[in-house]
Visitor: 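Okay, here's the structure, questions in a sec.
In listed order, ligands and their atoms are each counted from 1.
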Amino acid sequence: MKLLLKGFRNGLGAIIAFISWLIPVSKVKRGESEQQEVDEQTANIELYQFFGCPFCIKSRRVIRRLNLNIVTRDAQNRQGVYRAELLKETGKTQVPCLKITKGDKVEWMLETSQIIAYLEKRFG
Ligand SMILES: N[C@@H](CCC(=O)N[C@@H](CS)C(=O)NCC(=O)O)C(=O)O
């Protein structure tokens with residue numbers, strides 16, 4: 001039963017992800033040097049996520065619209081290093097979670113609304 005529910009949830013998530021991929025986004029356009037500057041800043045940001053999680057899909061759409069090259073990390077794989085890291089650093093396996101590295105300091109940001117507000121404010 002648990003396995004069936006998990007399969008249903010994953011299947012539904014994949015459908016939502018596919019529909020989201022089909023719906024076009026109007027991307028922010030930047031000049032070459034401005035985009036390069038933004039790319040340098042986003043090189044220190046990672047999104048810990050599940051592929052089919054609706055909150056993650058929403059966050060990824062914003063990342064796409066803002067034209068940000070943010071690396072995604074799969075935190076769904078139970079044996080994976082990113083899930084273990086997320087749990088160790090935040091005490092939860094909740095996604096989406098933004099990892100922002102500033103020198104030797106690392107900030108972990110949970111909650112979709114907070115993540116979106118942060119990205120909009122910094123890169124919108
Ligand atoms: N309030 C959170 C909810 C996020 C949420 O429920 N994420 C689910 C996946 S869709 C999750 O992390 N589940 C795994 C867990 O909580 O360990 C947000 O808005 O980001």
Side-chain angles (χ1 to χ4, degrees):
M1 187 63 186
K2 220 174 162 186
L3 213 65
L4 201 71
L5 271 175
K6 193 179 166 195
F8 177 74
R9 213 176 46 220
N10 287 345
L12 192 63
I15 292 169
I16 298 170
F18 179 64
I19 292 169
S20 169
W21 177 75
L22 285 179
I23 301 170
V25 286
S26 171
K27 276 191 181 185
V28 166
K29 287 186 181 70
R30 300 185 183 91
E32 204 177 310
S33 65
E34 196 189 350
Q35 184 62 47
Q36 207 172 328
E37 225 172 87
V38 167
D39 287 347
E40 278 166 26
Q41 292 177 46
T42 53
N44 301 326
I45 304 177
E46 296 153 70
L47 181 77
Y48 284 60
Q49 54 117 40
F50 298 172
F51 176 71
C53 153
F55 300 97
C56 303
I57 293 169
K58 189 175 174 186
S59 305
R60 292 202 304 266
R61 257 191 103 70
V62 172
I63 289 172
R64 225 165 100 199
R65 181 170 55 73
L66 293 176
N67 209 352
L68 305 174
N69 291 309
I70 291 179
V71 168
T72 56
R73 304 294 191 201
D74 175 19
Q76 194 161 17
N77 180 355
R78 289 184 177 272
Q79 274 77 47
V81 290
Y82 296 116
R83 187 182 179 88
E85 186 191 9
L86 184 64
L87 181 61
K88 182 172 173 268
E89 300 299 330
T90 69
K92 306 173 183 189
T93 53
Q94 184 181 308
V95 289
C97 182
L98 214 56
K99 179 184 178 183
I100 308 155
T101 307
K102 288 178 193 152
D104 55 1
K105 278 178 79 180
V106 179
E107 183 187 348
W108 294 86
M109 186 180 289
L110 286 162
E111 293 303 321
T112 309
S113 55
Q114 208 187 328
I115 290 170
I116 290 175
Y118 170 81
L119 294 174
E120 292 277 9
K121 188 170 176 213
R122 195 165 164 195
F123 304 108

Visitor: Give a yes/no on ligand 1: does Glu111 have at least one heavy atom closer than 4.0 angstrom to it?
Guide: yes
Visitor: If every non-hydrogen atom of Ile57 is compared with every non-hydrogen atom of Phe51, which pair is closest and at what distance?
Guide: CG1-O, 3.8 Å
Visitor: Looking at atom 13 (N) of ligand 1, what's its closest protein heavy atom, distance included?
Guide: Phe50 CE1, 4.1 Å
Visitor: Out of Leu110, Leu86, Thr112, Ile116, indicate the one that has the non-hydrogen atom closest to atom 19 (O) of ligand 1.
Guide: Thr112
Visitor: Using modelled atom types and a 3.5 Å cut-off, is there a donor and acceptor pairing between side-chain atoms of Thr90 and backbone atoms of Leu87?
Guide: no
Visitor: To check your reading of the model: name the closest protein heavy atom to atom 9 (C) of ligand 1, its residue, and the distance in Å.
Guide: Cys53 SG, 3.6 Å
Visitor: If you have a sec, work out which protein heavy atom is nearest atom 11 (C) of ligand 1 and how many Å separate them, to one decimal?
Guide: Val95 N, 4.0 Å
Visitor: Students should be able to answer this: which protein heavy-atom is nearest to atom 16 (O) of ligand 1, and at what distance?
Guide: Gln94 CA, 3.9 Å
Visitor: Can you tell me which residue among Gln76, Arg73, Arg60 is in a side chain to side chain donor-acceptor pair (under 3.5 Å) with Gln49?
Guide: Arg60
Visitor: Is there a donor-acceptor pair closer than 3.5 Å between any side-chain N or O of Asn67 and the backbone N or O of Val28?
Guide: yes
Visitor: According to the salt bridge (charged side-chain N to carboxylate O under 4.0 Å, His left out) rule, which pairs have a member within residues 13-34, sequence neighbours left out?
Guide: none
Visitor: Quick test: of every protein heavy atom, which one is nearest to atom 6 (O) of ligand 1, and how far off is it to 0.1 Å?
Guide: Phe55 CE1, 3.6 Å
Visitor: Return the residue, atom name and 0.1 Å-rounded distance of the protein heavy atom closest to atom 17 (O) of ligand 1.
Guide: Thr93 OG1, 2.5 Å
Visitor: For ligand 1, which atoms, with element, lie under 4.0 Å from some heavy atom of Pro96?
Guide: 20 (O)
Visitor: Side-chain polar contacts of residues 114-124 - donor-acceptor pairs under 3.5 angstrom, sequence neighbours left out - could you list them?
Guide:
| residue | atom | partner | partner atom | Å |
| --- | --- | --- | --- | --- |
| Tyr118 | OH | Arg122 | NH1 | 2.6 |
| Glu120 | OE2 | Arg65 | NH2 | 2.4 |
| Arg122 | NH2 | Gln41 | OE1 | 3.3 |

Visitor: Applying the 4.5 Å side-chain criterion to the ILVMFWY set and letting contacts propagate, would Val62 and Val71 be lumped into a single cluster?
Guide: no
